[in-house]
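Report on the structure given below.
Please read these numbers as outputs of a predicted model, since none were measured by experiment.
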Amino acid sequence: MESQDGSSDMLSDSYFVPPPLEVATMRQQIPPMMTEISELRSRLKELEGRFSRYRSATSPLRRVPPEILGEIFHIAMGPAAINFGTKGDLTAILLVCKKWRDAAYLTGKLWGCISLRLPRTRQMSYEKLSNWMGRSKGTTPDRCHCDEMGVCELATSLLVEFLVGGRPIHRLEILSLPPRCFQELMDRVKAQVDGHDLAKASWNQLQELKLDFEAFEDIAPKNFETGGEDVSQSVFRHIPPLSSLTLSLPRDRSEVAWTHHIHLPPTALQTLTTFHLNCRWDGPQIFVFLQHCQSLQTLYLGLEHAYWTWNPENVNVPSLSGDPGCIILPNLRTLTISVSDTVQTALKLGKHLRVPSLLDLHVKQWAKTTDYSGICTALVALSPIWVQRTKLMRSLTLQDTTGFEYSKLSAKELTDILSRFGDAAHFATSFSFNAKDFLELQTLDDAVRLLPSLEHLEITHIKADFDLESFFQYIECRRLVQSNDEGQADRLKTLTLSGHPDLDHGQVNQLAQAYRESSYPKLLKESFGIVVNFLPRGSPVYT
């Protein structure tokens, strides 16, 4: 606002001392200025408030349906189970506004995943737990965790009542589990519904179950059976039909082949589409289970440190001792195997398991000693499992979980492995290898293109000294090497490279600098249409 007194403005904008008359004039003008400023500030505050309300009322966010808001809340909360003692994030969502609270109450998935830490949850009432799960809208709550149990604390009246008459549960996870406590829980559930329809109990409406026995000290296999071959005495006898089962059995250090069967009800196994099994016993338990799993689509076998000495003739599994001498899983599409320290277990698994429709194979290496035979030998031993498959393989993943230097693959071993999976469209590995040696081996006169159907190549856990230039040269030479499939053009479209998670800051910078200085990523994209995704440690580098 321009002043009506130009001389006063000139004096006030300089360092000259104004004369007394000008000082008096200025002082007279200050109070009305302050009044005008106050009025303008009040007016501005009113306009800003109105502007904020109008903008909020016309915001697209206000028109987001509550179902979408609920999905956003569910993603923000994450997949972890909610603990009654740490439910502050969900409470904060409820307190934002009525619309957010209504959207949260409408989203059953927010309330279907709860962690009950027994016995510390004793003070929780069944009504409180039932009300919480009731907000899941009676659909399919994700899961209920029960962990940190004391001796026989699992069979609390709260949990028994919840499993008998509570809301339907989609997935139940019971962790740190002694077998005798699980058996007591099952006996109490059965007794609670005795004389009623067990099929209507929450327990029998389960779709997914996880039982983890591993957190306790070693337990002999006999603790899981009290009646020999009598399935009615099995600790697992009350397990209902399921679509997914995760079973982690404890290690057995008895060093004696356990030929007795650990019974899971065939009705529970016949409906399985996903089976995650950790069993390190010297016995045929894996095959005892798998003989009933004809509907399986996804299978994980944890065989770390397993050493099988049992003979098929002594285990009473007709599929193994008779014709055809193996178990066939006709619908299995995804197979993950954690191989042990010895190739003997891999040989026996390869002899007695067939997967004709396999699409995705994931093999993990667990090794403790430097005389381990290696992932290459293990794959040869396991190869009968999938060698007669009727479908093209979609992906092959080789994972090194040891991190030891002696688990490094030689160029010849890597070549031998890849030559066995010519139809794989996606190959990923975390094994380290010498890229320069591998390049030289693939540029020999008689070399053929490995993995001719490959579309996505993924190398993870690379170290700071990995020879990026040699590896990029190998990608380039794939276009020049003769294919073993009648001259078919190379299909590779995507290359993903990621650094080892244990790299320090200097090593990450070293790896990133080597990538930036290379001209190959741009060349591969412009000349061959191959996109290179480079993540030195979780964050992409753009060139």
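With sequence neighbours excluded, the residues forming a salt bridge (charged side-chain N to carboxylate O under 4.0 Å, His left out) with R43 are E46, listed by chain and number. Partners of E458 by side chain to side chain donor-acceptor pair (under 3.5 Å), not counting sequence neighbours, listed by chain and number: H426. For Q513, the side chain to side chain donor-acceptor pair (under 3.5 Å) partners at least two apart in sequence or on another chain are E517. Taking the ring-ring contact (aromatic ring centres under 6.0 Å, His included) definition, one finds that Y520 meets it with nothing, sequence neighbours left out. Residues forming a ring-ring contact (aromatic ring centres under 6.0 Å, His included) with H292 (at least two apart in sequence, or on another chain): none. A search for salt bridge (charged side-chain N to carboxylate O under 4.0 Å, His left out) contacts involving K45 returns nothing, not counting sequence neighbours. Applying the ring-ring contact (aromatic ring centres under 6.0 Å, His included) rule to Y474 yields the partners F438; only residues at least two apart in sequence or on another chain are considered. Here R394 pairs with D360 under the salt bridge (charged side-chain N to carboxylate O under 4.0 Å, His left out) rule; sequence neighbours left out. Q399 meets the side chain to side chain donor-acceptor pair (under 3.5 Å) test with H362; sequence neighbours excluded. Shown here are the ring-ring contact (aromatic ring centres under 6.0 Å, His included) partners of H276, two or more places apart in sequence or in another chain: Y300. Evaluation of the side chain to side chain donor-acceptor pair (under 3.5 Å) rule for H456 yields T496 as partners, not counting sequence neighbours.
Side chains of T274 and Q297: a donor-acceptor N/O pair is absent below 3.5 angstrom, by distance only.
Shown here for F534 and A512, the closest heavy-atom pair between the two residues is CE2-CA, 3.9 Å.
Aromatic ring centres of Y515 and F466 lie farther apart than the 6.0 Å criterion allows.
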Audit row: Q29, M26, side-chain contact (heavy atoms from CB on, under 4.5 Å) steps and yes/no: CA-CA 5 Å; Q29 294 179 358; M26 291 180 181; 5.5 Å; no

List the steps and the verdict of side-chain contact (heavy atoms from CB on, under 4.5 Å) for N509 and H505. CA-CA 6 Å; N509 289 338; H505 183 70; 3.1 Å; yes

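Pairs passing the salt bridge (Lys or Arg N to Asp or Glu O under 4.0 Å) check and including a residue from residues 56-74, sequence neighbours excluded, read E71-K109.
The backbone N or O of A103 sits less than 3.5 Å from a side-chain atom of T107, completing a donor-acceptor pair.
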